[in-house]
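This report concerns only the one structure given below.
Being a predicted model, the structure only gives us computed values, none of them experimental. Start at 1 with the first residue, then count along the sequence. Both backbone and side-chain heavy atoms feed into the values below; hydrogens, waters and symmetry mates do not.
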Amino acid sequence: MLALVLVAGAPSAEAASRIKDIADFEGVRDNLLVGYGLVVGLNGTGDDMDDDPFTRESLIGMLERLGINTRDGELSPDNTAAVMVTGTLPPFARQGSRMDVTISALGTAENLLGGTLLVTPLVGADGEVYAVGQGQVQVGGFVAQGEAETITKGVPTSGRIPNGAIIEKEVPFELANMESVKISLRNPDFTTARRIANAVNTYLGSTVARSLDPGTVLVRVPRGRAGGVVDLLTDIEQLRVEPDQLARVIIDEQTGTIVIGDNVRINTVAIAQGNLTIRVTETPQVSQPAPFSNAGETVVVPRTEIEVDEDEDRRLTVVNGGVTLQDLVNALNSLGVGPRDMISILQAVKAAGALQAEIQVM
């Protein structure tokens, strides 16, 4: 039987989604930040200064900024690690608010447990500093080792600092006085874009929205809503529309997972499936001479058993044209095939021109 068939699609009444769940408003977006810093206070699990010279140079530079000269001496602590600090600046984040950051080891550090991130500027794609991170690193994984065995759980070289960065610079964006707003679909589609425009026009009682392309709907702010764009977007994002979808079959050959869309249809086709299985079993036996015999020797006599299974009980199944998704699944399940054979059958039906859907192999 088929191990797993996921059915994408549902009745129209249940498939309607809020606009906020299938689209975004242009300009309301996150911004990615990144920085390079040092984590100190590790319990002997930091970078090897000989193998990671950038950690040593970073540590020397930091100490010099604090008025300590260490270039003339040997500096090889094992409680310091170079890390990359990443974070996401939320939309409309204000100066002084906080955000989470993720810490990832850059060198040969074995564990960041117990470490503290020193002041680290976080820059955006334009090279400007938007936040500064610092704090105690929280690591979910751990390492326990002895003389002959080591146990590792999770990833001890990566951690997080909740609210570990303070936002120093805001991303300028004026929303309240905009004259028009663009709605960007997460899954571009002509039909869905038109349905969104129709839903907005019906709600506002005027033709203020139109689809520019499969992924964009332009909404002009009505005169009575001037200066109230936030309230307008709040109302629009709660409107419900039914997203349209392509007839598509998704196949993951590694796990044997098959996802069949609700709009998948097939023409009349006959399907037969059978496997040829050959099983060879070796059972060697030992032949020995009689006890106290002066002649003969002990030898191994091979014994081979070959079994052939041609699956003769499999039958030809006819799948009529225009059937529903449930009929298609039932017909394929009636063949008693596994997910690997199901993948081959779907690809063969597509090659025959009987499957009216796109097959996408992951």
Tell me, do [X] and [Y] make a side-chain contact under 4.5 Å, heavy atoms counted?
{"X": "Val139", "Y": "Ser158", "value": "no"}
{"X": "Leu233", "Y": "Val229", "value": "yes"}
{"X": "Leu204", "Y": "Pro222", "value": "yes"}

**OP:** Could you pull out the closest heavy-atom pair between Arg18 and Gln238, with the gap in Å?
**Re:**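 Nearest pair, atom of Arg18 first, then Gln238: CD-OE1, 3.6 Å.
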
**OP:** Over all heavy atoms of both residues, which pair between Thr108 and Asp51 is shortest? Give the atoms and the distance, please.
**Re:**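 In terms of heavy atoms, the two residues are closest at CG2-CB, 4.4 Å.
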
Original post:
CD1/Ile236 to CD1/Ile19 distance, rounded to the nearest 0.5 angstrom?
Top reply: 7.0 Å

**OP:** Supply the atom-to-atom distance Leu42 CG to Asp78 CG, rounded to the nearest 0.5 angstrom.
**Re:** 9.0 Å

Counting heavy atoms not belonging to [X], are there more than 12 under 6.0 Å from its [atom1]?
{"X": "Arg160", "atom1": "CZ", "answer": "yes"}
{"X": "Asn43", "atom1": "CG", "answer": "no"}
{"X": "Phe92", "atom1": "CZ", "answer": "yes"}

Subject >> Transitive ILVMFWY side-chain link Val123 to Leu106, under 4.5 Å >> reply: yes

**OP:** Give the cluster check for Val101 versus Leu32: same hydrophobic cluster or not, with ILVMFWY residues linked at side-chain heavy-atom distances below 4.5 Å.
**Re:** no

**OP:** In sequence, state the C-alpha distance, the side-chain angles, and the governing distance for Thr216 and Ile183, and then conclude on side chain to side chain contact (heavy atoms under 4.5 Å, CB included).
**Re:** CA-CA 6 Å; Thr216 309; Ile183 302 176; over 6 Å; no

Original post:
Just checking, any donor-acceptor pair under 3.5 angstrom between side chains of Tyr130 and Asn31?
Top reply: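 No pair is found: no donor N or O on one side chain lies under 3.5 Å from an acceptor on the other.
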
Original post:
Are a donor atom and an acceptor atom from the side chains of Asp52 and Thr55 found within less than 3.5 Å of each other?
Top reply: no

Original post:
Step by step, would you call Leu113 with Thr45 a side chain to side chain contact (heavy atoms under 4.5 Å, CB included)?
Top reply: CA-CA 9 Å; Leu113 182 63; Thr45 58; over 6 Å; no

Original post:
Which word best sums up how the rings of Phe54 and Tyr36 line up, parallel for under 30°, tilted for 30 to 60°, or perpendicular for over 60°?
Top reply: perpendicular

Subject >> Pair Leu185-Ile22, side chain to side chain contact (heavy atoms under 4.5 Å, CB included): steps then yes or no >> reply: CA-CA 6 Å; Leu185 278 70; Ile22 62 175; 6.0 Å; no

